[in-house]
Amino acid sequence: MYAAYCSETYPKQFIKTDMGKKVKKDEKPPPDDVFDPLLVESRQAGTVVLMLSSPEEDVQAKACEAIYKYVDKCDENKKQLLDLNAIEALLPLLQSEDRIVRRNACMAVSVMTAHPEVRKKLRKNEEAIPAMITLLAPEEDTVVHEFCALGLSQMAIEFSSKAVIFENNGIEPLVKCLSSSDPDVQKNAIETLAQLLLDYQTRAAIKDCDGLSPMLELLKSEFSIIQKLALLALDRASQDDFVAHPEWNDLHVMAVMVLANLLEDHESLELVKETGTLKRLVALITDQPPPEEEAKGGGGKGGKAEKGGSRAAKKSAKDGGKTSRGKKSSEEKEESVPGEAIIPTLPDVKMCAAKAIARSARSAENRKILHEQEAEKMLIHLLAHESTEVQTAAAQALGIMSENLLTKDSIREWEGVQPLVKLLNSDNGDVKEAASLALANLTANNSTNCHDISNFGGIDALIHTLADAREEAVAKNACCLTNMATEEALRSDAQNKHIVVKLIEPLKSKNTNVQSKCSLAVAAFVCDVDSRSDFRNNGGIEYLITLLHSGNDEVRRNSSWAIAVCAVDEQTASEVCKLGGMSVLQEIQVSGTRRNPFADVALQNLLNSNLSAKYSLTGALSSTNIILDGFYDAGQLRPGSQFLSLEDYCKQELHDKRPVLLVNAKPESAPKESQSQADAEMAKDSSKTSVSGKSSRTGRETKAPSPPKSKAQKEKEEKQREEEIQAQLQREAENQSTTDNKPFEMPCDSNLCQYLEEITEKIQPLQTTREQVIALAQYVSDHMGGPIEKGELANFSYELPISQIRYEMKSNVVPIGKIKTGIHIHRALLFKVLADRIAVGCTLNRGEYNLAWNEVMLPDSDDTPGAPKFPPRTFVVDLVHCPDERSAEEIICLDMLKEEIMHSSNYIARPVTSSWVLRKGEALIDL
């Protein structure tokens with residue numbers, strides 16, 4: 001506080017110290033004729049506007065800065081300062097000699113141009129825009145360039161301002177600003193040029209100023225707004241088709257890249273179409289003159305042509321005063337005549353053009369527009385180019401455009417299929433991959449294209465390419481072949497060329513796309529017995545089962561579908577089960593994340609083709625599951641255990657578990673000669689007497705002793721005996737080897753053959769299904785030990801006879817016909833086997849504790865004329881018990897008491913509803 005008091009009490013040249021002494025400062029006092037500095041604080045905008053007229057540059061600079069901050073807040077402030085005539089005061093400051101004053105004044109004016117009234121005021125002042133253009137000089141600050149370009153971008157909104165900027169040579173400094181290191185300068189400059197390029201004069205001037213290259217460089221900017229504005233500017237600059245000028249070959253590639261970006265947008269593509277740029281691009285790429293539009297009198301197109309002609313005239317007149325490059329192009333235009341040949345473009349330009357069309361064709365709307373402009377013709381033309389990169393780009397574009405239905409037909413009509421097929425034989429992997437993509441899309445839901453590809457030898461080329469190292473090419477070829485498999489003739493042709501064998505190798509790929517597409521192709525081609533046999537014999541089933549473990553959902557779905565198609569064949573289904581495919585499908589079925597409908601279908605087809613496995617897993621066979629020879633009942637399969645084949649069960653050693661019941665009604669083959677001639681000779685040699693010889697009567701030695709043998713004779717006899725022993729051992733080894741290599745043969749069941757003959761003769765001729773069921777039930781019961789009284793099932797001895805059969809056969813597999821004393825599981829199986837052979841529909845169901853039963857569907861037995869008819873009912877066939885008396889309590893309801901029937905040897909009385917139990921040998925009782 002004291003120091004503050006001293007500073008106010010004493011003159012500034014003295015300072016009072018703490019000791020009370022005054023010390024003179026070093027500073028010299030200002031001259032007497034100089035006004036002391038005055039600090040003014042103003043809160044009114046009008047006061048600041050008045051300060052702009054001050055002759056002091058420092059005051060002007062601060063006033064301009066204050067106005068800039070004020071008008072940057074809102075549009076109302078801009079309008080207020082306009083009413084205070086701030087524009088008239090600011091414009092002269094744009095030409096001030098002080099750099100700070102020019103900078104601050106430029107900032108204030110440029111921000112105020114955002115208001116339309118301010119722009120209107122500036123347009124009336126002829127010095128406003130030229131002053132702003134002057135500030136774009138290279139020696140000015142970057143901030144000045146930024147705000148001047150901003151002000152010009154606002155002014156260029158109106159057409160009259162565009163003309164003023166062009167007349168005052170504002171294009172060139174703006175183009176130079178595009179190369180600035182400041183992104184704000186770049187953004188404002190390219191935005192101004194984008195506005196100016198709406199005028200044809202600016203489009204001509206921008207080329208003379210070499211403005212296209214800086215614009216293209218801005219596409220590499222890290223700021224998206226600059227990229228968008230650059231694309232917009234280039235779009236407007238390209239309306240005069242600078243791509244077709246050979247003297248600008250260095251810009252063609254980048255220009256086409258810009259078109260690629262523009263063509264992705266539907267509105268931009270419409271604009272390119274309306275201006276005719278797309279047709280000129282097509283003509284440029286194909287090295288053909290652009291198509292001339294037909295003149296239509298009084299039409300809109302005629303007006304457009306006239307307008308374009310006037311613009312061209314103005315442009316040529318303007319070009320007369322330009323640089324030598326502009327004069328050269330103008331002279332070439334004047335000398336050119338309609339229809340002159342276009343100079344062939346560079347391969348890179350053609351490649352970029354094809355890629356541009358491919359990128360644009362990703363949209364369905366764009367594909368329609370490109371088809372209307374006949375872009376397919378250009379792409380087909382490029383397929384014959386010598387550059388592989390051009391061929392690849394063209395084939396890819398055709399592949400993407402082929403997603404349009406009309407394009408598929410157009411490519412075929414313009415003979416584009418044959419070049420694509422030829423490209424499949426190319427040595428370049430990219431070309432083959434692109435051609436495969438195009439053919440895959442062309443054949444999707446188009447049978448005509450499929451036949452065309454076949455006519456040009458496409459099937460051979462596609463199958464050959466399945467062994468290619470490019471995995472994506474293999475995937476696309478597999479997809480194309482799958483599409484062609486919908487035509488039966490083409491599918492047969494491919495099958496004759498062993499396509500299923502060729503598809504096995506790609507299944508080993510680690511690429512999920514290849515695995516998926518090839519699995520789908522396998523499903524399309526293994527639809528007949530021969531193809532399934534080839535695929536199975538060449539080990540293809542194993543790789544399909546391996547793909548079921550894939551973590552890719554599509555691979556699992558397609559491999560499951562392929563197994564579902566293969567599983568309709570009994571031998572293939574057995575092979576799948578043998579390789580563990582059923583276990584994998586069961587795991588997928590119970591999984592919460594891996595389950596899919598195709599796996600369910602595959603498992604169902606697998607079980608339907610392997611009824612033995614189905615019965616062991618599900619415990620039920622429907623009436624449509626016909627039991628044939630080779631069926632065996634191995635019992636209920638425990639969870640996690642593997643289902644074995646019949647051969648595996650036959651090779652097992654005898655055990656004390658339940659036997660495997662076999663159904664085999666095939667007649668026994670003719671017995672072969674039991675002993676060969678060599679065996680007979682061996683038996684004859686073994687029956688000879690010893691060397692010492694005995695009498696046939698007395699057994700004593702003869703009195704006449706044999707003459708003594710020499711040592712050589714003894715050695716000869718010993719050697720002969722050793723040779724005989726070796727020959728015998730060799731024959732035994734050969735017989736054992738023949739037995740081991742002999743294919744597996746199921747045990748024959750002569751009794752079952754006899755059963756079939758008897759029921760075919762006696763039961764099948766019966767009139768009604770009811771009579772056949774009753775007679776067959778009686779037949780089965782009689783041949784399985786007869787009826788068993790209730791409560792006596794535990795005393796019924798059936799295990800010992802079956803064990804004797806197993807011991808005699810030295811096997812755990814017992815033919816069902818050899819069993820003479822059986823219970824539920826034996827009788828129900830025999831009933832199902834016999835019923836299927838005489839076309840009586842019945843089911844086979846397994847319960848617990850060796851229980852099984854059959855269900856049949858029987859119609860109403862009331863044949864009275866006029867009586868109501870009801871749908872068939874389900875009956876359970878009783879093959880074990882035969883009650884002495886018929887009563888209501890002995891007829892059991894299927895729906896209510898099935899569980900008790902299956903778990904008890906006695907039937908329990910319950911009321912009857914809609915289902916009945918049919919007992920053998922009895923007439924049905926309808927309560």
Side-chain angles (χ1 to χ4, degrees), residues 500-501 503-510 512 515-516 518-520 522-523 526 531-619 621 625 630-652 657 660 743-744 746 812-813:
V500 292
V501 179
L503 286 169
I504 295 176
E505 191 64 27
L507 292 177
K508 305 176 186 179
S509 172
K510 301 299 182 182
T512 55
Q515 294 172 349
S516 173
C518 290
S519 298
L520 200 59
V522 169
V526 291
S531 297
R532 286 192 294 269
S533 178
D534 290 343
F535 188 73
R536 181 181 66 252
N537 295 335
N538 286 275
I541 300 296
E542 179 181 357
Y543 299 106
L544 280 181
I545 295 174
T546 303
L547 295 182
L548 292 176
H549 297 279
S550 174
N552 185 279
D553 294 340
E554 186 177 0
V555 173
R556 284 200 309 274
R557 284 196 299 266
N558 292 348
S559 58
S560 298
W561 180 241
I563 290 179
V565 177
C566 292
V568 299
D569 182 78
E570 183 177 353
Q571 293 182 351
T572 309
S574 301
E575 183 71 13
V576 173
C577 295
K578 183 178 180 180
L579 295 173
M582 183 179 295
S583 303
V584 180
L585 290 172
Q586 286 179 297
E587 293 175 2
I588 295 176
Q589 193 178 38
V590 299
S591 174
T593 56
R594 301 172 60 200
R595 182 173 182 178
N596 60 81
F598 296 98
D600 296 341
V601 174
L603 183 59
Q604 188 63 37
N605 288 357
L606 198 61
L607 295 178
N608 288 335
S609 298
N610 193 340
L611 297 183
S612 302
K614 182 177 183 179
Y615 190 48
S616 293
L617 289 172
T618 64
L621 295 180
N625 296 139
F631 175 88
Y632 57 97
D633 176 16
Q636 187 68 37
L637 195 64
R638 295 181 180 180
S641 57
Q642 184 179 2
F643 181 77
L644 302 179
S645 63
L646 180 61
E647 184 177 357
D648 294 333
Y649 283 117
C650 289
K651 292 180 180 179
Q652 289 179 348
K657 299 178 182 179
V660 177
F744 172 74
M746 295 182 293
N812 295 313
V813 179

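Model, not experiment: these values are computed from the prediction. For the numbers below, each heavy atom of this structure counts, side chains included, while hydrogens, waters and symmetry mates do not.
- Residue Leu547 holds its CG atom at 9.5 Å from CG of Asn558, rounded to the nearest 0.5 Å.
- Residue pairs meeting the salt bridge (charged side-chain N to carboxylate O under 4.0 Å, His left out) criterion with at least one partner in residues 561-577, sequence neighbours excluded, are Arg536-Asp569.
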*side chain to side chain contact (heavy atoms under 4.5 Å, CB included) between Phe535 and Leu544, worked out*: CA-CA 11 Å; Phe535 188 73; Leu544 280 181; 3.5 Å; yes
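- You'll find the side chain of Asp600 reaches within 4.5 Å of the side chain of Arg595, heavy atoms only.
- Listed here is the closest heavy atom pair of Ser519 and Ala562: O-CB, 3.6 Å.
- Residue pairs that meet the salt bridge (charged side-chain N to carboxylate O under 4.0 Å, His left out) test with at least one member in residues 558-568, sequence neighbours left out, do not exist here.
- Ser609 meets the side-chain contact (heavy atoms from CB on, under 4.5 Å) test with Ala573; sequence neighbours excluded.
- Rounding to the nearest 0.5 Å gives a distance of 10.5 Å between CG of Leu520 and OG of Ser559.
- Among all heavy-atom pairs drawn from Gly635 and Ser616, the shortest one is O-OG, 3.3 Å.
- The two residues Cys518 and Leu507 have their closest heavy-atom pair at CB-CD2, 3.9 Å.
- Here Thr618 contributes atom OG1 and Asn625 contributes atom CG; the two are 8.5 Å apart, rounded to the nearest 0.5 Å.
- What you find for Leu617 and Leu637 is that their closest heavy atoms are CD2-CD2, 3.4 Å.
- Take Asp553 and apply the side-chain contact (heavy atoms from CB on, under 4.5 Å) test, not counting sequence neighbours, and it matches Arg556, Arg557.
- For residues 546-598, the pairs satisfying ring-ring contact (aromatic ring centres under 6.0 Å, His included) are Trp561-Phe598, with sequence neighbours left out.
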Identify each donor-acceptor pair in which a side-chain atom of residues 576-594 lies under 3.5 Å from a protein atom, sequence neighbours left out, and give them as a table.
{"residue": "Ser591", "atom": "OG", "partner": "Thr593", "partner atom": "N", "Å": "3.4"}
{"residue": "Ser591", "atom": "OG", "partner": "Arg594", "partner atom": "N", "Å": "3.2"}
{"residue": "Arg594", "atom": "NH2", "partner": "Leu548", "partner atom": "O", "Å": "3.1"}

*Go through the steps for Glu542 and Ile545 under the test side chain to side chain contact (heavy atoms under 4.5 Å, CB included), then give the verdict.*
CA-CA 5 Å; Glu542 179 181 357; Ile545 295 174; 6.0 Å; no
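- Side chain of Asn608 to backbone of Gln604: a donor-acceptor contact under 3.5 angstrom is found.
- Side-chain contact check for Ile504 versus Tyr543: some heavy-atom pair is nearer than 4.5 Å.
- Asp648 and Ser645 share a side-chain donor-acceptor pair at under 3.5 Å.
- Residue Ala564 comes nearest to Ala602 through the heavy atom pair CB-CA, 3.6 Å, listed as atom of the first residue, atom of the second, then distance.
- Panel note: side chain Thr572, backbone Val568; no donor-acceptor pair is recorded below 3.5 Å.
- Side-chain atoms of Leu621 and Phe631, non-hydrogen and from C-beta on, do get closer than 4.5 Å to each other.
- Leu646 approaches Tyr632 most closely through the heavy-atom pair N-OH, 3.5 Å.
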